[in-house]
Amino acid sequence: MERLDDLSLRHISRFLDPEDIIRVGRTCKRMYSAMPRVVEWRGKDFKVNAGYYCRPELYFDGPELSHTVQKLNLSVTWHDQGWGNRKGELWLNLMRRPKDGGGEPAQIASYRPLFGIAEHFTKSSKTAIQHHPVVTEARPGDFYRFMRHVGGGGGHSLKVWNFRVVATLLDDLALRHIAAFLNPEDIVNLGRTCKRMHSVMPQVVLYDEEWRGEDFEIDGPRGGHFWPELYFDGPALSSTVKKLSLSVIWNDQGWGNRKGELFLKLIRRDGSGENIVAEHRRLFGIAEHMETPASVVIENHQVVKQARPGDFYRFMRNAGGGGGHSLTVRNFRAVASLCKVI
């Protein structure tokens, strides 16, 4: 049977109750790592009597969220005074603290009432919240504020026990799965859209690899004009490429037609062998008669844009045919700026 990836398992978990998610997660380490995290908060049992004037009041604040929220499951056993008008209720607000850490938290969303209005008789109530702003707008650092209201007018009371909240938290696996299909530049751009994305996206690290070619002096053949030959192959790329910086000191035979050049090919191996993905001719133009330093930076070329891990660069040389041509190269240096996703 084909192995399910974590995203598929996470999607399946959306149709499970929190208790079932926990049971599945206990079957093996693989399932435990793939299942969403389930946390539980409990409110204290209480009985509150209200006077003629009664305003909503704080029941309790939940802890700060460590991840985004997939769903909330809430349950309670409760009743009111047992006669007259029914006014008792419970609800929750999604709260967010200011960025600077000071001042009062702001209310982002509210879900009211959680279980309707309290009955005159003892009743156990449940509710599940999934596609509501108190869930969809929640992000790490937010918290839930649970409120209660007995009701004014005189004679009202509210008794609550076994209040329980089970929060199913997402660890941003889906976004990381999407990131696996993006190149490093797109990961960086997506991470810049907001703090939420920045905290979720993998880190992109730029680093350099240097390759050096041996010094050489070669003579071209008597016949023909373009007689390329292998200079050297670079190592397999470990990551995608941001740019290539190349430099050399070189010259040709010092007289006559100028034909000497260096170029590179981006090579990819597959089941059929080696394939040329892209080619960059005349890296430094054509060699001068006198010894000359030359350099080039390649960024917006297919040899850079098409490169992917496992490919390699093949460096080629051509002294030129026709008789009397030569090419001398010293201090050839290639620096590949690579993007590593960690």
Side-chain angles (χ1 to χ4, degrees), residues 14-22 36 38-98 102-170:
R14 295 176 66 88
F15 301 94
L16 303 179
D17 291 330
E19 291 78 6
D20 292 329
I21 291 174
I22 293 173
V38 176
V39 296
E40 181 180 318
W41 313 312
R42 289 183 178 269
K44 291 183 178 180
D45 298 348
F46 69 84
K47 181 179 181 181
V48 177
N49 298 311
Y52 189 83
Y53 297 102
C54 179
R55 294 182 176 181
E57 60 184 2
L58 175 67
Y59 180 14
F60 73 96
D61 284 341
E64 285 192 358
L65 297 172
S66 58
H67 298 84
T68 53
V69 181
Q70 177 175 312
K71 60 183 173 181
L72 296 171
N73 291 81
L74 305 98
S75 59
V76 71
T77 303
W78 65 335
H79 64 78
D80 68 3
Q81 67 281 351
W83 57 274
N85 292 330
R86 296 165 47 231
K87 298 182 179 180
E89 63 173 307
L90 299 168
W91 72 94
L92 67 82
N93 300 327
L94 174 64
M95 310 297 293
R96 183 168 300 157
R97 292 186 171 88
E104 292 297 315
Q107 179 179 307
I108 305 302
S110 182
Y111 191 101
R112 180 176 183 178
L114 283 173
F115 311 103
I117 304 300
E119 299 283 354
H120 290 330
F121 52 87
T122 299
K123 182 180 179 181
S124 294
S125 301
K126 295 182 179 180
T127 189
I129 309 171
Q130 191 162 4
H131 303 294
H132 188 278
V134 293
V135 169
T136 58
E137 295 295 322
R139 66 189 192 192
D142 294 348
F143 67 95
Y144 290 113
R145 173 161 287 170
F146 297 90
M147 304 294 293
R148 65 190 181 191
H149 183 238
V150 179
H156 291 280
S157 67
L158 183 63
K159 184 176 182 180
V160 166
W161 65 101
N162 296 337
F163 181 85
R164 179 172 177 256
V165 184
V166 178
T168 305
L169 306 179
L170 286 172

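Not measured: the values here are computed from a predicted model. Residue numbers start at 1 and run along the sequence shown. All heavy atoms count here, side chains included; hydrogens, waters and symmetry mates do not.
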Item checked: Residues which pass side chain to side chain donor-acceptor pair (under 3.5 Å) with H132, listed by chain and number, not counting sequence neighbours -> none

Notebook entry, point to check: Quick one: salt bridge (Lys or Arg N to Asp or Glu O under 4.0 Å) partners of E64, sequence neighbours excluded?
Noted result: R97

Margin query: Is any side-chain heavy atom of L72 closer than 4.5 Å to one of Y111?
Written below: no

Notebook entry, point to check: Mind checking what makes salt bridge (Lys or Arg N to Asp or Glu O under 4.0 Å) contact with D61, not counting sequence neighbours?
Noted result: R145

Next item on the list: Using a 4.5 Å cut-off on heavy atoms from C-beta on, say whether the side chain of M95 contacts that of D142.
Entry: no

Checklist line | Side-chain touch M147/L58, heavy atoms, less than 4.5 angstrom | finding: yes

Note to self: Under the side-chain hydrogen bond (donor to acceptor under 3.5 Å, both in side chains) definition, can you give me all pairs with a residue in residues 43-58, not counting sequence neighbours?
What the structure shows: E57-R148

Next item on the list: For W91 and P56, work out which heavy atoms get closest and say how close.
Entry: CH2-CB, 3.3 Å

Notebook entry, point to check: Can you name the residues that form a salt bridge (Lys or Arg N to Asp or Glu O under 4.0 Å) with E104, not counting sequence neighbours?
Noted result: none

Check: Between CG of L158 and CD1 of I117, what distance do you get to the nearest 0.5 Å?
Finding: 10.0 Å

Check: Can you name the residues that form a side chain to side chain donor-acceptor pair (under 3.5 Å) with N93, not counting sequence neighbours?
Finding: Q107, S110

Margin query: Per the salt bridge (Lys or Arg N to Asp or Glu O under 4.0 Å) rule, what does the pair list look like for residues 83-92, sequence neighbours excluded?
Written below: R86-E119, E89-R112

Note to self: For P133 versus L94, what's the shortest heavy-atom pair and its separation?
What the structure shows: O-CD2, 3.9 Å

Check: Out of curiosity, D80 CG to K123 NZ, how far, rounded to the nearest 0.5 Å?
Finding: 12.0 Å

Check: Taking all non-hydrogen atoms of both residues, which atom of S124 and which atom of T77 are closest, and how far apart?
Finding: OG-OG1, 3.2 Å

Notebook entry, point to check: How far does NE2 of H79 sit from OG1 of T122, to the nearest 0.5 angstrom?
Noted result: 4.0 Å

Next item on the list: Return the set of residues passing salt bridge (Lys or Arg N to Asp or Glu O under 4.0 Å) with R42 (not counting sequence neighbours), or none when no residue passes.
Entry: E40

Checklist line | Residue list, side chain to side chain donor-acceptor pair (under 3.5 Å) with S125, at least two apart or on another chain | finding: W78

Margin query: Counting C-beta onward and ignoring hydrogens, is there a side-chain heavy-atom pair between V76 and L114 closer than 4.5 Å?
Written below: no

Margin query: side chain to side chain contact (heavy atoms under 4.5 Å, CB included), that's the test. Do H156 and N85 meet it? Break it down for me.
Written below: CA-CA 8 Å; H156 291 280; N85 292 330; 4.1 Å; yes

Next item on the list: Report the residues that fulfil ring pair (Phe, Tyr, Trp, His ring centres under 6.0 Å) with F143, sequence neighbours left out, ordered by chain and then residue number.
Entry: none

Note to self: Quick one, Y144 and V69 - any side-chain contact, counting heavy atoms below 4.5 Å?
What the structure shows: yes

Next item on the list: Name all residues meeting the side chain to side chain donor-acceptor pair (under 3.5 Å) criterion together with H149; count only those two or more places apart in sequence or in a different chain, and write none if there are none.
Entry: none

Margin query: For a quick test of reading the model, state the closest non-hydrogen atom pair linking V134 to A138 and the distance between them.
Written below: O-CB, 3.7 Å

Notebook entry, point to check: How far apart are the C-alpha atoms of L74 and L90, what are their side-chain angles, what is the distance that settles it, and do they pass the side chain to side chain contact (heavy atoms under 4.5 Å, CB included) test?
Noted result: CA-CA 11 Å; L74 305 98; L90 299 168; over 6 Å; no

Notebook entry, point to check: Sequence neighbours excluded, which residues qualify as ring pair (Phe, Tyr, Trp, His ring centres under 6.0 Å) partners of W41?
Noted result: none

Note to self: Could you check, using the six-membered ring where one of them is a Trp, whether Y59 and F46 have ring centers closer than 6.0 angstrom?
What the structure shows: yes

Next item on the list: Measure across G151 and A50 and return the closest heavy-atom pair with its distance rounded to 0.1 Å.
Entry: O-CB, 3.3 Å

Notebook entry, point to check: If every non-hydrogen atom of A128 is compared with every non-hydrogen atom of N73, which pair is closest and at what distance?
Noted result: CB-ND2, 3.7 Å

Note to self: With a 4.5 Å cut-off on side-chain heavy atoms, are S66 and L169 touching?
What the structure shows: yes

